[in-house]
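Report on the structure given below.
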Amino acid sequence: MSTIHAEARLPLAARSEHLVGSVIDSSTSLLAGQTHDIVRLAMGSPAQDAIPSEALSAIPLASHAFDYAATEGDPALREALLAQLAGTSDATTPDRLTITSGGMQGLDLAHKLFTDPGDLVVVEAPTYTNGSATALSYSADLLEIPVDEVGLDVERLEAEVRRTGRRPKAIYSIPTFQNPSGATLSLERRIRLIELAREWGSMLIDDDPYGLLRFAGDPLPTLHELAEGDPLVFSVRTFSKTVAPGLRVGWVDADPSLSRLLINAKQAMDTCTNLPAQRQLAGFLDSGGFDAHVADQRIVYKERKEAMHAALTAHFGGRATWTDPDGGFFLWVTFDPPVDTTALFEVALAEGVALIPGNAFSPGGLFPHSMRLCFASTPPERIAEGVARLRRAVDRLLQEGR
């Protein structure tokens with residue numbers, strides 16, 4: 001390479017400064033490079049033994065299943081999905097449905113349609129890293145609102161909007177078994193959140209990947225159901241947590257007036273969602289296997305959450321607190337006395353256990369002494385071993401004075 005080329009400045013777009021990436025996704029590459037045994041409590045993935053690979057592989061795919069698909073989604077999957085959702089809290093109509101390449105594309109489409117540079121976007125604190133990163137990629141200003149044991153603090157949101165004098169363009173919420181806290185937004189707060197969105201004219205981005213994975217407690221109506229077709233509610237769903245993340249198939253449920261805009265935006269991104277995966281999912285839904293599969297997952301994940309609770313109690317009782325979700329994938333652990341979980345990440349990896357530090361879930365770095373642990377992807381005996389390794393890592397970190 002010549003000196004001239006080495007010193008040349010690339011004409012990057014201004015938006016590139018806001019592409020912060022994801023600590024969570026980056027951990028996949030990091031873990032792939034490790035050669036020693038690691039208990040993987042970091043990535044929010046279904047258990048490998050919970051992915052219905054045999055059932056999906058058994059679904060025949062004709063040669064035309066490897067062609068382009070309709071941008072709004074393959075008719076076979078759309079029909080199967082509409083039938084699957086009928087009678088549920090996410091029941092919908094064909095004119096509201098767009099198939100996406102995973103839930104992340106749904107979030108990107110929402111911000112592509114509604115977020116201008118400098119717009120205020122509310123995010124939960126803590127929140128899903130990739131969700132806040134998507135808002136930042138469209139140059140949004142973020143307002144972090146705390147999450148407690150019953151979800152987003154809606155009273156605090158109302159107070160902060162009043163204090164700043166800025167109405168949010170969008171509110172991003174994960175209302176059920178929130179990532180990373182596991183908290184579920186109460187019915188009272190769900191209703192009030194929709195009322196505030198209407199009062200402010202704010203888009204309510206309803207991201208609900210985990211709602212079907214409830215293994216305790218009573219189900220709540222989704223924001224989609226409570227909104228009764230309100231165009232301000234933009235619902236994002238995915239098969240990544242209930243079937244398999246590698247399929248990269250999800251959907252958005254949005255006001256019919258947005259259908260053409262969603263198709264136009266998606267055609268500028270990927271033309272269409274992976275057709276073989278759509279056909280496999282259509283066959284899986286049509287077979288009736290989806291309901292039985294999710295029911296099995298609920299049993300497995302309940303057992304694994306309880307195993308993680310028991311291990312944390314044994315090794316960190318009196319040294320940390322953690323959440324107790326009724327479903328989903330995650331526990332949120334907070335150390336007291338404080339432990340720097342960013343420093344802990346490296347030590348824990350050396351000890352053979354992976355976690356995600358708390359600051360990864362806050363654009364403002366508000367959670368230096370917390371961490372997210374995923375119980376879903378690991379069997380109980382490995383969870384016990386992983387938490388034991390985590391205790392060794394904490395002791396080692398404190399002994400080193402970090």
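Keep in mind that what you see is a predicted model, and the values were worked out from it rather than measured. This chain uses plain numbering: 1 for the first residue, then up along the sequence.
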Looking at [Y], is its backbone amide N or carbonyl O close enough to the side chain of [X] to form a donor-acceptor pair, meaning the two atoms are under 3.5 Å apart?
| X | Y | result |
| --- | --- | --- |
| Arg214 | Ala216 | yes |
| Arg260 | Ser257 | no |
| Asp153 | Arg156 | yes |

Arg304 to Phe375, cation-pi by 6.0 Å centre distance and 45° axis angle: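 No, a cation-pi geometry is absent between Arg304 and Phe375.
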
Are any non-hydrogen side-chain atoms of [X] and [Y] less than 4.5 angstrom apart?
| X | Y | answer |
| --- | --- | --- |
| Thr242 | Phe290 | yes |
| Phe284 | Leu247 | no |
| Lys266 | Lys112 | no |
| Tyr172 | Leu107 | yes |
| Pro126 | Ser362 | no |

Polar side chain donor-acceptor pair, [X] to [Y], under 3.5 angstrom:
| X | Y | result |
| --- | --- | --- |
| Glu149 | Thr323 | no |
| Arg96 | Ser259 | no |
| Ser101 | Thr273 | yes |
| His64 | Arg279 | yes |
| Glu54 | Ser57 | no |
| Thr93 | Asp95 | yes |

Please say whether more than 12 non-hydrogen atoms of neighbouring residues, nucleotides or ligands are located less than 6.0 Å from CD in Glu79.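 At most 12 heavy atoms, drawn from other residues, nucleotides or ligands, come within 6.0 Å of this atom.
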
Is Asp116 atom CG crowded by more than 12 heavy atoms from other residues, nucleotides or ligands, each under 6.0 Å away?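 Counting neighbours around CG of Asp116, more than 12 heavy atoms of other residues, nucleotides or ligands fall under 6.0 Å, so yes.
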
Please report whether the ring centroid of Tyr301 lies less than 6.0 Å from that of Phe329.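 Under 6.0 Å, so yes.
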
Evaluate the ring planes of Trp251 and Phe239, with Trp represented by its six-membered ring, and classify them as parallel (under 30°), tilted (30 to 60°) or perpendicular (over 60°).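 Ring orientation of Trp251 relative to Phe239: tilted.
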
Are any of the side-chain nitrogens in [X] or [Y] under 4.0 Å away from the carboxylate oxygens of its partner?
| X | Y | result |
| --- | --- | --- |
| Arg190 | Asp206 | no |
| Glu351 | Arg396 | yes |
| Arg163 | Glu160 | yes |

